[in-house]
Amino acid sequence: IAPAGDPAPDVPSVGSANWAGGMMATRHLIDLGHRRIAAITGPEDLMCSLARIDGYRSALNTAGLEFEPGLVRYGNFHVDGGRDHALDLLSRPGRPTAIFAGSDLQALGVLDAARQLGIAVPDQLSVVGYDDLQVARWSSPALTTVHQPLIEMAEEATRMVLMLRDGEQPKNTRLDLSTSLVVRQSTAAPPDSSE
């Protein structure tokens with residue numbers, strides 16, 4: 001489930017549409033009027049991290065916005081990584097007006113960094129997470145996030161395992177299930193539409 005690398009073609013795996021999720025999250029922020037959008041994702045050697053950044057980059061490109069490598073950070077998918085990278089990004093001149101975090105836990109770290117710096121979310125900074133964990137609904141503000149179908153991924157993986165156990169070969173050895181955007185209270189138009 002959600003392999004870290006690119007498994008061999010004969011190794012069954014189930015993942016989610018990470019590229020589409022990154023594109024969807026970034027397009028949402030662009031549609032709100034954001035032009036300086038940062039991204040904090042997971043480790044640089046994980047396929048899902050790279051796919052989410054590729055989706056982010058594609059959304060910027062499609063909107064005619066310049067990709068700025070200095071606005072991208074590779075973290076660890078945990079709260080501390082999100083907080084540390086956000087503190088750095090938000091303490092610089094020309095700080096971003098929005099941050100796309102590669103996991104909900106990193107997004108919680110971004111919210112914590114914003115609180116420490118006195119930056120109001122979503123009035124001064126919009127934040128989008130990834131996964132749609134239960135905690136995303138209960139954060140303050142409630143987190144806009146990309147829903148990753150974790151239960152369905154586990155169900156499909158279980159079906160594959162049972163087929164293999166019974167000596168059958170799955171029709172598709174590689175499944176990437178669709179993602180969707182869940183809009184809550186952590187995103188809004190930037191304070192100055194010229195940013």
Side-chain angles (χ1 to χ4, degrees), residues 16 18-42 49 52-53 55-148 179-195:
S16 70
N18 289 295
W19 180 88
M23 174 85 139
M24 200 179 311
T26 309
R27 185 178 292 154
H28 169 67
L29 294 167
I30 291 167
D31 289 347
L32 288 171
H34 293 278
R35 297 298 173 258
R36 285 192 55 76
I37 303 167
I40 303 170
T41 192
S49 300
R52 291 172 194 174
I53 289 298
Y56 156 85
R57 190 175 187 158
S58 294
L60 293 174
N61 187 43
T62 301
L65 298 175
E66 181 183 348
F67 171 74
E68 297 181 48
L71 291 179
V72 175
R73 299 289 191 280
Y74 292 91
N76 60 7
F77 285 140
H78 298 289
V79 174
D80 62 329
R83 180 189 316 106
D84 294 347
H85 286 299
L87 284 169
D88 178 53
L89 287 163
L90 297 172
S91 297
R92 299 170 165 238
R95 72 179 188 219
T97 61
I99 296 178
F100 164 47
S103 75
D104 288 344
L105 293 179
Q106 281 182 317
L108 293 177
V110 172
L111 293 177
D112 187 44
R115 268 190 296 276
Q116 287 182 40
L117 296 171
I119 298 170
V121 176
D123 298 336
Q124 297 172 295
L125 176 71
S126 286
V127 180
V128 177
Y130 201 104
D131 290 324
D132 195 22
L133 301 176
Q134 287 284 340
V135 70
R137 292 171 212 188
W138 305 111
S139 68
S140 182
L143 189 61
T144 295
T145 187
V146 175
H147 175 78
Q148 184 169 217
T179 53
S180 59
L181 185 69
V182 180
V183 178
R184 295 194 178 103
Q185 288 78 48
S186 66
T187 54
D192 177 358
S193 61
S194 67
E195 291 189 66

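What you see is a predicted model; the values in this text were computed from it and never measured.
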For a side-chain contact (heavy atoms from CB on, under 4.5 Å) check, start with the C-alpha distance between V72 and I53, then their side-chain angles and the critical distance, and finish with the verdict. CA-CA 8 Å; V72 175; I53 289 298; 3.8 Å; yes
Return the [atom1] to [atom2] distance between [X] and [Y], rounded to the nearest 0.5 Å.
{"X": "L71", "Y": "R95", "atom1": "CG", "atom2": "CZ", "result": "13.0 Å"}
{"X": "T179", "Y": "M23", "atom1": "OG1", "atom2": "CE", "result": "11.5 Å"}
{"X": "S139", "Y": "L133", "atom1": "OG", "atom2": "CG", "result": "10.5 Å"}
{"X": "Y130", "Y": "M24", "atom1": "OH", "atom2": "CE", "result": "7.5 Å"}

On a heavy-atom basis, which atom in [X] and which in [Y] lie closest, and how many Å separate them?
{"X": "A114", "Y": "L125", "result": "CB-CD2, 4.1 Å"}
{"X": "F77", "Y": "L105", "result": "O-CB, 3.5 Å"}
{"X": "P191", "Y": "D123", "result": "CD-O, 3.6 Å"}
{"X": "A136", "Y": "D104", "result": "CB-OD2, 3.7 Å"}
{"X": "G42", "Y": "Y74", "result": "O-CD2, 3.4 Å"}
{"X": "G33", "Y": "P190", "result": "O-CG, 3.5 Å"}

Indicate whether the side chain of [X] and that of [Y] have a donor and an acceptor atom separated by less than 3.5 Å.
{"X": "S16", "Y": "Q148", "answer": "yes"}
{"X": "D131", "Y": "S103", "answer": "no"}
{"X": "H147", "Y": "S180", "answer": "no"}
{"X": "S126", "Y": "H34", "answer": "yes"}

Intermediate values then yes/no, side-chain contact (heavy atoms from CB on, under 4.5 Å), V128 and S186: CA-CA 7 Å; V128 177; S186 66; 5.7 Å; no
Answer yes or no: is there a side-chain heavy-atom contact under 4.5 Å between [X] and [Y]?
{"X": "D112", "Y": "V79", "value": "no"}
{"X": "L111", "Y": "R115", "value": "yes"}
{"X": "L143", "Y": "W138", "value": "no"}
{"X": "Q185", "Y": "V121", "value": "no"}
{"X": "T187", "Y": "V127", "value": "no"}
{"X": "L65", "Y": "R35", "value": "yes"}
{"X": "L108", "Y": "V135", "value": "yes"}
{"X": "I37", "Y": "T97", "value": "no"}

Within a radius of less than 6.0 Å around CZ of R83, do more than 12 heavy atoms belonging to other residues, nucleotides or ligands occur?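 More than 12 within 6.0 Å, yes.
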Hey, is [X] close enough to [Y] for a salt bridge, meaning N to O under 4.0 Å?
{"X": "D132", "Y": "R184", "answer": "yes"}
{"X": "R92", "Y": "D88", "answer": "yes"}
{"X": "D84", "Y": "R73", "answer": "no"}

Report yes or no: does R52 contribute a side-chain atom to a donor-acceptor pair with the main-chain N or O of G102 at less than 3.5 Å?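 Checking the backbone N and O of G102 against the side chain of R52, a donor-acceptor pair under 3.5 Å is found.
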Steps toward side-chain contact (heavy atoms from CB on, under 4.5 Å) verdict (Y56, T41): CA-CA 10 Å; Y56 156 85; T41 192; over 6 Å; no
Walk me through whether L60 and T26 qualify under side-chain contact (heavy atoms from CB on, under 4.5 Å). CA-CA 7 Å; L60 293 174; T26 309; 4.1 Å; yes
